[in-house]
Novice: 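Take a look at this one; I'll ask things after.
Not measured: the values here are computed from a predicted model. Hydrogens, waters and symmetry mates are skipped; everything else that's a heavy atom, side chains included, is used.
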Amino acid sequence: MTSGQILVVSDDTEFVRALSACWRKENHSLSMTAVSTRVGGQADSSGYALVVVGPLREGVALPPSPGLLLDSTVCAVGDPGSLASVRAKHADWLLVPEYPGWAEALLSVAREVLRRTVAEERAREAELRNHAHQRFGVLGRSLLEARPGMVNALTSLIGNADLILLSEAPLPSECREQVRTIRTMALRLNEMVQRLSSLESEMELSDRKSHVETSAIRMVEAPNT
């Protein structure tokens, strides 16, 4: 778990203290940052997977700050009456009644939210890698399709250069040296083209690895979807 994963917004210090004590006792490595609505105007929820809204000062509206709750999962904790009004305004929020054991229940919610966040991030990374593999795959297939023609052209070039160099016909030394240079460069190009023969197997190996990664992520997500 990295730092800055859970943001707690509450004006009740006892609420924050109880939550911190419970999570420390459970020895879970959840990182929590607590803010009050008095500084909510300077706070935002970027980088937090979960925002917990606890008891607030009287008269404070939800959400308590325009910079909060933008792209995060939100969980409100409170008595049944206050949660009923929250549900009416924010149907997508998670609700945890402030009954005995509420901190442990919230801990379970936080673990699940963070697990899903990690799984989604891994899925996005796998998708980006798949797209990259597809782009390189198109380039690789184009090179493989062009390889026979390149080999034929280079073989012809090298063969003709050899014939010229082996010929007993008079040839100026400068021209003979240029032919040798052409032959040497053609041999180097031919070596590079020959290396493309391993490109197809490397592409297949990369595709298999990508499919395995994607399948593994789906298997991790499946039991809880």
Side-chain angles (χ1 to χ4, degrees), residues 1-40 42-58 60-128 212-225:
M1 302 286 183
T2 57
S3 61
Q5 291 178 320
I6 301 174
L7 178 66
V8 178
V9 183
S10 178
D11 298 317
D12 187 340
T13 55
E14 287 301 321
F15 172 86
V16 176
R17 187 178 294 112
L19 191 57
S20 301
C22 171
W23 288 3
R24 282 198 303 269
K25 182 177 65 176
E26 293 291 334
N27 196 30
H28 288 285
S29 55
L30 300 177
S31 178
M32 184 182 78
T33 301
V35 297
S36 167
T37 59
R38 295 180 178 85
V39 296
Q42 291 77 40
D44 66 71
S45 58
S46 6
Y48 294 96
L50 175 66
V51 175
V52 177
V53 179
L56 303 175
R57 292 178 293 129
E58 185 176 354
V60 174
L62 293 177
S65 168
L68 292 170
L69 324 180
L70 295 178
D71 300 312
S72 306
T73 300
V74 184
C75 181
V77 181
D79 60 80
S82 63
L83 291 183
S85 61
V86 170
R87 182 183 293 108
K89 298 179 180 177
H90 305 282
D92 58 330
W93 287 17
L94 304 175
L95 306 179
V96 175
E98 204 169 1
Y99 291 139
W102 66 267
E104 290 81 1
L106 184 56
L107 173 62
S108 298
V109 171
R111 284 191 310 216
E112 177 62 16
V113 168
L114 295 179
R115 187 200 68 79
R116 285 182 174 272
T117 300
V118 171
E120 290 171 359
E121 182 61 30
R122 288 177 178 173
R124 283 193 294 269
E125 291 175 357
E127 186 176 359
L128 290 175
V212 167
E213 289 178 351
T214 304
S215 300
I217 290 171
R218 288 173 179 170
M219 289 177 63
V220 169
E221 293 179 332
N224 295 281
T225 55

Novice: Might you point out which heavy atoms bring Ser10 and Phe15 nearest each other, and give the distance in Å?
Specialist: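 Closest approach of Ser10 to Phe15, heavy atoms only: OG-CD2, 3.6 Å.
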
Novice: Show the nearest heavy-atom pair for residues Leu83 and Ala76, with the distance to one decimal.
Specialist: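 Distance-wise, the nearest heavy atoms are CD2-O, 3.8 Å.
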
Novice: Could you work out, with salt bridge (Lys or Arg N to Asp or Glu O under 4.0 Å) as the rule, every residue matching Glu125, not counting sequence neighbours?
Specialist: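 Partners of Glu125 by the salt bridge (Lys or Arg N to Asp or Glu O under 4.0 Å) criterion come out as none, since no residue qualifies.
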
Novice: Mind checking the CG-CZ spacing from Leu106 to Arg111? Nearest 0.5 Å is all I need.
Specialist: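 If we round to the nearest 0.5 Å, Leu106:CG and Arg111:CZ are 11.0 Å apart.
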
Novice: Only one of Leu94, Leu95, Ile6 forms a side chain to side chain contact (heavy atoms under 4.5 Å, CB included) with Cys75, so which one is it?
Specialist: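 With Cys75 as partner, Leu94, Leu95, Ile6 yield a single side chain to side chain contact (heavy atoms under 4.5 Å, CB included), made by Leu94.
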
Novice: Please enumerate all residues that pass side chain to side chain donor-acceptor pair (under 3.5 Å) together with Arg87, with sequence neighbours excluded.
Specialist: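 For Arg87, no residue satisfies side chain to side chain donor-acceptor pair (under 3.5 Å) once neighbours in sequence are set aside.
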
Novice: Given Val52, which of Val8, Leu7, Val96, Val109 fulfils the side chain to side chain contact (heavy atoms under 4.5 Å, CB included) condition?
Specialist: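 Answer to the side chain to side chain contact (heavy atoms under 4.5 Å, CB included) test with Val52 among Val8, Leu7, Val96, Val109: Val8.
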
Novice: Would you mind checking if Arg124 and Glu127 are paired as a salt bridge, meaning a charged N to carboxylate O distance below 4.0 Å?
Specialist: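 The answer is no: the pair does not qualify as a salt bridge.
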
Novice: One thing to verify: whether Glu120 and Arg116 come together as a salt bridge, which I'm taking to mean a side-chain N less than 4.0 angstrom from a carboxylate O.
Specialist: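 The answer is no: the pair does not qualify as a salt bridge.
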
